[in-house]
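See below for the structure under consideration.
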Amino acid sequence: FILMSYHKYIISIVVISILLILFSKYIFDNYQPKSSYALEDTKKISDQDIQEFIKQGYYNFQIIEDYQKAIEWYNKVLTIDKNNVEALSKKGEVLSRLDNFSDAFELVDKALDIQTNSVIAVNAKGYILNQQNNYSKAIDYYDIALAINPKDTYALTNKGITLYNQGNIS
């Protein structure tokens with residue numbers, strides 16, 4: 001008797017788990033970010049639109065890890081404004097995830113040439129260096145970003161992650 005109710009309990013857990021997985025998959029597959037933009041949009045582009053494209057790139061890069069789609073969004077911004085520091089920097093970060101470090105550094109260095117005190121570009125340089133396991137140089141760049149903006153949460157977080165990766169924090 002006890003064995004039979006144990007099996008029913010296990011079966012119930014398995015069924016509920018499957019239903020939760022299916023429901024989560026349905027929600028995730030049908031989730032659309034707030035923006036209604038498609039990559040093919042050709043209407044007149046405003047600064048607000050560019051920021052939405054950058055958000056789409058971030059969403060594809062960091063949230064769903066679709067690196068190619070993220071690159072497409074950043075390229076869309078760079079087609080409109082080839083000197084957009086944020087798009088150059090973020091695309092560099094994506095490329096570093098794909099182990100394309102030479103192009104990643106080229107983009108971030110271009111962003112830094114355009115705006116030397118860009119916290120976004122300096123952080124991106126640190127991020128790429130961290131991806132290469134060059135922790136001490138990455139920390140140097142996060143420190144530069146924090147000198148520009150001591151409250152930058154991205155630099156603070158990534159510096160902590162880099163220190164941990166380096167073995168300075170356990």
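These values consider heavy atoms only, across backbone and side chains, with no hydrogens, waters or symmetry-generated copies. All values reported here derive from a predicted model rather than from experimental measurement.
Closest of all the heavy-atom pairs between Ile148 and Asn117 is CD1-O, 3.5 Å. For the residue pair Lys82 and Lys110, the shortest heavy atom distance occurs at O-NZ, 3.4 Å. A pairwise comparison of heavy atoms in Ala104 and Gly92 identifies CB-O, 3.1 Å as the closest pair. Closest non-hydrogen pair, Val77 versus Ala87, comes out as CG1-CB, 3.6 Å. Looking at every heavy atom in both residues, Leu156 comes nearest to Pro150 through CD1-O, 4.0 Å. Heavy atoms only, all atoms of each residue included: Glu93 and Tyr154 are closest at OE2-OH, 2.9 Å.
Note on Lys125 versus Asp109: salt bridge recorded, some NZ/NE/NH1/NH2 to OD/OE distance being below 4.0 Å.
Judged by distance alone, with hydrogens and angles left aside, the side-chain atoms of Ser96 form no donor-acceptor pair with the main-chain N or O of Asp99 at under 3.5 Å. In this structure, Tyr74 contributes its side chain and Tyr58 its backbone to a donor-acceptor pair below 3.5 Å. Side-chain atoms of Thr79 come within 3.5 Å of backbone N or O of Asn75 as a donor-acceptor pair. Distance alone, capped at 3.5 Å, places no donor-acceptor pair between the Asn130 side chain and the Gly126 backbone.
For the atom pair NZ (Lys159) and CG (Asp140), the distance works out to 9.0 Å, reported to the nearest 0.5 Å. In this structure, CG in Asp81 is found 7.5 Å from CG in Leu78, a value given to the nearest 0.5 Å.
Looking at heavy atoms from C-beta onward, Gln51 lies in side-chain contact with Glu86 at the 4.5 angstrom threshold. Residues Trp73 and Ile54 fail the side-chain proximity criterion, which asks for heavy atoms closer than 4.5 Å. Phe105 is listed as a side-chain neighbour of Gln132, based on a closest heavy-atom distance under 4.5 Å. Within the 4.5 Å cutoff, the side chain of Lys137 has heavy atoms near those of the Asn134 side chain. The closest side-chain heavy-atom distance from Leu129 to Ile139 is not below 4.5 Å. Contact of the Lys90 side chain with the Ile120 side chain is registered, since non-hydrogen atoms from C-beta on lie closer than 4.5 Å. Side-chain contact between Val108 and Leu88 is absent, with no heavy atoms from C-beta onward closer than 4.5 Å. Residues Ile80 and Phe53 meet the side-chain proximity criterion, which asks for heavy atoms closer than 4.5 Å.
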message = Run the side chain to side chain donor-acceptor pair (under 3.5 Å) test on Tyr141 and Asp143 for me, step by step, so that the C-alpha distance in whole Å, both residues' side-chain angles and the decisive distance to 0.1 Å come before the verdict.
response = CA-CA 5 Å; Tyr141 276 91; Asp143 286 340; over 6 Å; no
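Residues Tyr67 and Leu95 fall within the same hydrophobic cluster, defined by Ile, Leu, Val, Met, Phe, Trp and Tyr side chains chained together at heavy-atom separations under 4.5 Å. When hydrophobic clusters are built by joining Ile, Leu, Val, Met, Phe, Trp and Tyr residues whose side-chain heavy atoms come closer than 4.5 Å, directly or via intermediates, Phe101 is not grouped with Val94. Neither Ile144 nor Ile114 shares a network with the other; the hydrophobic side chains, linked directly or stepwise wherever heavy atoms of I, L, V, M, F, W or Y lie under 4.5 Å apart, form separate groups for each. In the hydrophobic clustering of ILVMFWY residues, with side-chain heavy atoms under 4.5 Å counting as a link, Val85 and Tyr142 come out together.
Of the options Thr157, Asn158, Asn123, a side chain to side chain contact (heavy atoms under 4.5 Å, CB included) to Asp152 is made by Asn123 and by none of the others.
Using cut-offs of 30° and 60° on the angle between ring planes, the pair Tyr127 and Phe61 is perpendicular.
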